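Data first, discussion second: the structure below is written as structure tokens.
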Amino acid sequence: MTTKLLAAGLAIFASPALADTPVLTVLTYDSFTSEWGPGPAIEKGFEATCGCDVKFITAGDGAALLARVKLEGADSKADLVVGLDTNLTADATATGLFAPVTAQANTLPVPFEDPNFIPFDWGYFAFVYDKTKVTTPPTSFEELAASNLKVVIEDPRSSTPGLGLVLWVKAAYGDKAPQIWADLADNIITVTPGWSEAYGMFTEGQADMVLSYTTSPAYHLIAESDDTKAAASFTEGHYMQVEVAGKLATSKQPALADAFLAYLTADAAQSTLITTNWMYPAKTPAEGLPKGFETLIQPAKSLLMTAADAEAARAPAIAEWQAALSK
Amino acid sequence: MVAARADSFALAPADLQALRFTLLQASLSAAVSSLLAIPVARALFRRRFPLRGALISLLAAPFVLPVVVAVMGLLTVFGRGGPINTGLAWFGLPEVSIFGLHGIVLANVFFNLPLATRMLLHGWQAIPAERFRLAQSLGLPPSAQFRHLEAPMLRARLPGIFAVILLICLASFAIALMLGGGPKASTLELAIYQSLRFEFDLGRAALLAAVQFALCAAITLAAARLTLPQGFGAGLSRHLQISAPNGWRRALDIIAVIVAAVFLFAPLLAVVIKGLPGLTTLPNGLWPAALRSVSVAIVSAVLATSAALILANGAAHSKSRMIELAAMLPLAASSLVLGTGLFLLVRPFIAPENLALAITILVNATLTLPYLFRLLLPEARQLQADYGRLTESLGLPRRTILRFVTLPRLARPLGYGAGLAAALSMGDLGVIALFAGDGGATLPLFVQHLIGAYRLQQAAAAALILVALSFVLFWAFDRLGSHYADA
């Protein structure tokens with residue numbers, strides 16, 4: 001009883017001023033809304049046209065977002081979920097909590113079809129290295145495994161890039177994947193819980209290469225005028241991460257939610273995403289990519305499992321990875 | 001709440017392996033930390049040297065570092081291109097990798113040696129000075145002094161210290177994962193994280209959390225059984241300088257202090273050096289985040305300290321082990337499980353993001369309670385043994401006992417404990433990430449955002465500020481306690 005009273009009391013203070021402006025609630029990962037993320041600019045831009053108030057609520061990363069959606073179930077207050085990736089969409093669709101959306105034009109290098117989700121940015125996973133320290137980067141997983149290079153990777157059980165790497169090896173090598181992992185074992189100095197720890201270790205010089213994105217060097221080049229970082233181009237092709245947004249079926253503002261999704265894939269928001277998320281835009285804006293992006297490697301082959309394949313491959317691929325690296 | 005959703009009751013082979021590894025790394029780390037703490041604490045107790053006070057204060061610093069920051073500091077010193085490996089290279093020796101079981105133990109010792117040292121130092125300081133005087137006037141050699149005075153104190157305190165460090169190491173997964181070198185080094189906590197976050201298998205998460213709980217309960221009870229009362233009787237709380245033995249014992253003490261200081265402060269120094277260049281370009285959002293963190297830390301420290309005092313007093317008065325068990329169990333709870341449980345609890349009533357700070361305070365207070373309790377319990381027992389009968393026979397009201405007996409005598413561990421609790425809440429990240437809404441970031445989350453945006457230099461600077469603030473908070477509470485104790 002006390003709890004209820006307390007909660008009710010707090011609710012009165014916490015609820016926003018009872019204005020007539022409709023509120024659009026967007027559930028997203030927390031770096032999206034940080035000072036350096038795309039959130040603030042996109043919020044301002046959309047609010048200028050929609051006559052609404054955009055409110056972000058956050059959860060750690062893509063996987064945490066889906067966990068949050070499942071936790072809240074049908075009585076979620078969110079209208080939109082922004083920041084799942086295609087490795088999670090099959091699982092997300094299976095919850096039945098997402099509503100169909102109107103497809104938007106995109107410039108992805110692979111066909112994208114999902115009635116419930118719209119891609120808003122994407123990137124290729126890649127091993128990033130320092131050009132001043134590694135002069136002849138490996139051109140494939142096999143070359144990497146044969147080299148003495150030390151790499152740091154993320155754990156597929158706790159991070160989305162880690163999962164992307166496991167699916168990358170699976171997509172490129174299929175049944176040979178366990179052998180690749182066994183050969184890579186002596187190159188992997190450690191496995192971190194998330195991207196930040198891995199990238200930090202790399203920039204501190206603890207590893208020669210780190211699993212990140214082909215677009216990571218663009219940050220160093222554009223924001224820091226540092227051209228020493230590069231991504232190694234692998235002949236197997238590079239696995240993609242496609243970040244998507246979806247609308248919850250329970251949204252009380254479906255029209256506003258649709259308008260937001262359209263805004264997210266239009267030029268203004270797409271330009272913002274490039275230099276805040278440091279990913280490729282889902283639809284290249286009219287003014288093109290910022291200067292510096294032309295220096296990035298262009299993978300010869302784009303690898304991406306369908307949502308259903310990724311869902312089916314996930315558990316066995318992680319088990320193979322774990323078994324090979326635990327020896 | 002999470003447990004209510006459990007539905008399957010079988011551990012996978014990978015989970016069993018994780019359980020074994022968790023136990024192995026935790027018991028090794030706890031053993032090394034508590035054993036190494038003995039010579040260091042004794043040297044600090046019986047020697048007087050310049051900067052001794054500063055050294056004792058700084059002992060808390062490693063313990064309150066956020067894990068990621070500390071690991072980066074350790075890597076700078078022990079990792080590739082660090083002074084250790086550079087030194088080895090000079091002698092033509094091969095590079096030693098920090099990654100592996102030894103790396104995990106190294107990091108855990110870095111975190112927990114200071115805690116163990118400080119807890120043992122409290123133990124030495126709690127031996128009435130009159131007993132040392134007596135021993136010396138009887139002409140007892142140092143070995144006999146050890147047998148009659150120090151050994152019983154160690155016997156009374158070490159099991160508790162070992163247990164608390166064991167429990168801390170059981171629940172850590174970031175250290176094991178970052179330094180373990182691969183999935184071999186998976187802990188139970190990681191499995192819990194995985195099942196909550198990726199698989200959303202609440203049943204499996206609950207099962208694993210239950211296993212971790214049972215393990216911690218067993219350890220707590222075992223430690224309680226092994227603890228014997230020391231029985232020195234009450235002293236006059238006078239400050240007497242005890243003369244310490246000379247000769248090789250003196251040399252040993254000096255070595256212990258120097259080695260510990262270098263081991264603990266070299267990585268800290270690395271953190272400071274790395275943070276300095278970024279201090280000129282601190283981002284705008286930093287100070288509001290810092291203010292939020294400091295408020296959370298102070299409130300949760302006060303909450304946790306009050307609760308721990310009540311529980312420790314209760315446990316000291318009662319024969320039953322139940323209070324002890326209840327107070328220690330939060331160590332077994334991962335903040336993720338606790339946070340998820342609270343999330344499910346409050347959501348029907350109010351939007352969790354509106355309660356983010358309140359919940360963070362609550363969870364931090366709960367999670368720091370066991371440390372405080374462990375610090376206070378031996379002192380409270382001692383107090384009860386020494387003064388319990390006197391105060392009872394005088395029929396003093398409880399408030400009077402609290403004011404004139406309990407608080408002055410427990411001031412030192414209370415201040416230290418509150419400081420630790422405050423600093424630990426400053427560094428905690430686990431909970432706020434579940435609840436934070438728009439712009440409600442605390443300082444650790446802010447650091448995470450900076451790293452996530454590739455701004456590593458600014459992140460290092462923000463981490464330095466985080467460490468400095470944690471340390472100032474700790475120092476303020478600790479001083480308050482010592483001041484009150486000496487008054």
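Here is the naming used below: chain letters follow the sequence lines, and residue numbers restart at 1 for every chain. These numbers come from a predicted model, not from an experiment.
Atoms OG and OH, on A:S212 and B:Y454 in that order, are 4.0 Å from each other to the nearest 0.5 Å. Rounded to the nearest 0.5 angstrom, A:T190 OG1 and B:F99 CZ are separated by 5.0 Å.
In this structure A:K150 satisfies the salt bridge (charged side-chain N to carboxylate O under 4.0 Å, His left out) test with no other residue, sequence neighbours excluded.
Note on A:N277, A:I153, A:L27, A:T192: by heavy-atom pairs under 4.5 Å with chain B, the leading option is A:T192. Each of A:A207, A:A185, A:G39 has some count of heavy-atom pairs under 4.5 Å with chain B, and the biggest count is that of A:A207. Of the listed residues (A:D208, A:I188, A:T28), the one with the most heavy-atom contacts under 4.5 Å to chain B is A:D208.
Residues of residues 76-86 of chain B lying under 4.5 angstrom from chain A, judged on non-hydrogen atoms, are B:T76, B:G79, B:R80 by number.
Counting only heavy atoms from C-beta outward, the side chains of A:Q206 and B:M72 never approach each other to under 4.5 Å. You'll find the side chain of B:L75 stays beyond 4.5 Å of the side chain of A:E204, heavy atoms only.
Proximity to chain A (any heavy atom under 4.5 Å) is restricted, for B:L456, to the side chain, taken from C-beta onward. Within the 4.5 angstrom heavy-atom criterion, atoms from both the backbone and the side chain of B:M178 approach chain A. Using a 4.5 Å cut-off between heavy atoms, B:L450 touches chain A through backbone and side chain atoms alike.
In this structure, B:I451 and A:S196 approach most closely via the heavy-atom pair CG2-CB, 3.4 Å.
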